[in-house]
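The structure under discussion appears below in the form of structure tokens.
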Amino acid sequence: MNPTESISAAPDHSEESESLESTKDNEVPPSGADEELSDKEKLQLQKQLKPYDYKVNIKDNDKEKVTKIYSKSLSFIVYRTERAIRIDIDDEHKDAKVLGERHYKLSVSLARIYSLLPETLSKSESINRLVARAITANVVGLHEDAQQILAQAEDRLVKLKTIQGRLQYTLSALALVVIVFMVSLLNGLASAPILFNIVLLGSLGGVLSIALGFSSLEIDLDASGKVNCLIGCSRILIAIAASVFSYFAIRTDVAFSFVAKAPDNSGFYMIAMVAGFAEMLIPNIMSNLMKEGGGQKTSPTGSD
């Protein structure tokens with residue numbers, strides 16, 4: 001029925017008659033129940049659904065449950081199962097070959113759309129309707145219109161996946177900050193060791209940076225939700241590491257030593273939050289330290 005799928009051939013009655021004759025010769029007569037079951041199986045194999053036979057909640061010719069029908073005619077039907085949007089063309093229709101060729105012309109564009117659609121299509125019904133409309137338009141001869149509809153569907157899918165990825169990234173980062181806050185709260189916040197508060201403020205700086213740059217977060221469209229969450233958590237871990245580094249940098253007079261004398265450790269907390277917020281602040285300081293160390297090692301050789 002579907003030009004992209006093979007259809008099982010009708011049984012060869014001549015071979016059946018030969019097998020029946022050989023059975024008679026061997027004097028092994030089949031039971032009446034076996035003959036009746038066999039006839040039912042043959043009828044089931046021979047019967048193929050026509051486009052006008054399709055209904056919601058029945059199984060198609062590939063034994064997949066039909067969950068939604070988008071368009072139907074005497075020659076074809078466009079419908080959806082739980083995992084795919086399909087077209088079934090009546091092979092006995094006079095225009096079956098032409099309809100099949102038209103559908104194949106849309107295969108590349110459809111492949112791009114299917115690579116972006118979620119595993120369970122019920123979660124993207126608005127996009128599904130656009131794809132079905134494009135398939136219908138294409139099969140009736142409106143190829144250019146179908147391409148425009150698919151381009152619109154692809155654009156909406158890209159935006160949808162980007163927003164979903166950014167939300168997963170941000171919410172996972174926020175969840176980690178909440179965990180850090182709860183740990184600090186259990187240790188008494190103000191009375192907690194200074195490093196607990198340094199870690200908390202560094203993570204707050206990281207999540208603030210993510211929130212302000214939400215619209216510019218780069219998301220891999222092929223990445224799963226778990227991957228986006230892991231990347232979001234890693235951003236907070238980097239912020240925490242940067243804030244801890246800033247604390248020890250102040251204590252050792254490597255950097256930010258001017259804030260060491262601020263009352264109630266407020267200088268430490270301010271630099272910790274700045275270090276968590278500015279991703280490149282601490283890496284730049286570390287790079288400068290490496291350059292200075294390298295210069296000190298090479299200077300005696302240069303003087304010689």
Side-chain angles (χ1 to χ4, degrees), residues 1-7 48-56 58-168 215-225 227-228:
M1 306 291 287
N2 191 326
T4 61
E5 299 167 354
S6 60
I7 301 174
Q48 292 286 331
L49 287 176
K50 299 291 185 181
Y52 43 81
D53 294 327
Y54 276 78
K55 294 179 182 178
V56 176
I58 70 169
K59 291 186 176 181
D60 64 7
N61 291 317
D62 290 328
K63 308 306 176 186
E64 294 282 343
K65 184 180 178 182
V66 178
T67 57
K68 191 171 185 64
I69 295 174
Y70 297 104
S71 59
K72 183 195 295 190
S73 71
L74 293 176
S75 56
F76 71 91
I77 182 172
V78 179
Y79 64 99
R80 176 173 70 78
T81 64
E82 201 59 39
R83 296 179 298 174
I85 300 171
R86 297 183 169 191
I87 180 172
D88 197 351
I89 299 173
D90 185 1
D91 288 343
E92 297 178 357
H93 194 273
K94 60 183 179 65
D95 296 328
K97 184 177 179 180
V98 175
L99 298 179
E101 290 174 350
R102 288 175 181 170
H103 183 62
Y104 283 130
K105 290 180 181 179
L106 211 60
S107 58
V108 175
S109 300
L110 286 174
R112 288 201 307 270
I113 294 293
Y114 292 149
S115 67
L116 296 171
L117 283 171
E119 189 75 18
T120 305
L121 293 180
S122 58
K123 298 178 180 179
S124 58
E125 187 54 37
S126 61
I127 308 295
N128 298 340
R129 287 194 294 268
L130 281 175
V131 176
R133 194 174 300 137
I135 294 174
T136 304
N138 179 71
V139 82
V140 298
L142 302 175
H143 183 71
E144 294 299 326
D145 292 348
Q147 290 285 13
Q148 291 179 10
I149 295 172
L150 285 182
Q152 182 184 356
E154 185 176 359
D155 183 59
R156 287 182 61 182
L157 268 173
V158 168
K159 289 180 179 178
L160 179 63
K161 293 205 73 172
T162 301
I163 291 173
Q164 288 176 344
R166 287 172 179 171
L167 283 173
Q168 291 161 352
S215 60
S216 59
L217 287 175
E218 294 185 4
I219 300 295
D220 185 356
L221 297 179
D222 294 325
S224 64
V227 171
N228 291 328

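- Annotation: side chain to side chain donor-acceptor pair (under 3.5 Å) contacts of Arg83 (sequence neighbours excluded): Glu64.
- For residues 67-76, there are no salt bridge (Lys or Arg N to Asp or Glu O under 4.0 Å) pairs, not counting sequence neighbours.
- Remark: Glu92 engages Lys50 in a salt bridge (charged side-chain N to carboxylate O under 4.0 Å, His left out) (not counting sequence neighbours).
- The side-chain heavy atoms of Asn61 and Tyr54, taken from C-beta on, include a pair separated by under 4.5 Å.
- Looking at residues two or more places apart in sequence or on another chain, you find no side chain to side chain donor-acceptor pair (under 3.5 Å) involving Thr81.
- Taking OG of Ser75 as the reference point, atom CG of Asp88 lies at 11.0 Å (rounded to 0.5 Å).
- Legend: salt bridge (Lys or Arg N to Asp or Glu O under 4.0 Å) pairs involving residues 139-153, not counting sequence neighbours: none detected.
- Taking Glu125 as the reference, Tyr70, Arg80, Asn128 meet the side chain to side chain donor-acceptor pair (under 3.5 Å) condition, with sequence neighbours excluded.
- For Ser216, there are no side chain to side chain donor-acceptor pair (under 3.5 Å) partners at least two apart in sequence or on another chain.
- Residues Val56 and Tyr79 are not in side-chain contact: their nearest non-hydrogen atoms beyond the backbone lie 4.5 Å or more apart.
- By the side-chain contact (heavy atoms from CB on, under 4.5 Å) test, Ala223 pairs with Asp220, Val227, Asn228, sequence neighbours left out.
- Between the CG atom in Asn138 and the CG atom in Leu106 there is a gap of 4.5 Å [rounded to 0.5 Å].
- At distances below 3.5 Å, not a single donor-acceptor pair connects side-chain atoms of Arg166 with backbone N or O atoms of Ile219.
- Applying the salt bridge (Lys or Arg N to Asp or Glu O under 4.0 Å) test to every pair with at least one member in residues 131-142, sequence neighbours left out, gives no pairs at all.
- In this structure, Ile135 and Leu110 have side chains that are in contact, with non-hydrogen atoms separated by less than 4.5 Å.
- The two residues Asp62 and Asp60 have their closest heavy-atom pair at N-OD1, 2.9 Å.
- Of all heavy-atom pairs between Thr136 and Ser71, the closest is OG1-OG, 2.8 Å.
- Across Leu150 and Ser109, no two heavy atoms sit closer than the pair CD1-CB, 3.6 Å.
- Within the 4.5 Å cutoff, side-chain heavy atoms of Ser126 are placed close to those of Arg156.
- Listed by chain and number, the residues in a side-chain contact (heavy atoms from CB on, under 4.5 Å) with Leu221 are Leu116, Val158, Lys161, Thr162 (sequence neighbours excluded).
- Between Ile77 and Pro51, the shortest heavy-atom distance links the atoms CD1-O, 3.8 Å.
- Between the CD1 atom in Ile127 and the CD atom in Gln152 there is a gap of 8.5 Å [rounded to 0.5 Å].
- Between the CD1 atom in Ile58 and the OG1 atom in Thr67 there is a gap of 12.0 Å [rounded to 0.5 Å].
- Lys94 is linked by a salt bridge (charged side-chain N to carboxylate O under 4.0 Å, His left out) to nothing, counting only residues two or more places apart in sequence or in another chain.
- With rounding to the nearest 0.5 angstrom, the CG atom of Leu157 is 8.5 Å from the OG atom of Ser115.
- Screening residues 97-117 for salt bridge (Lys or Arg N to Asp or Glu O under 4.0 Å), with sequence neighbours left out, gives Arg112-Glu154.
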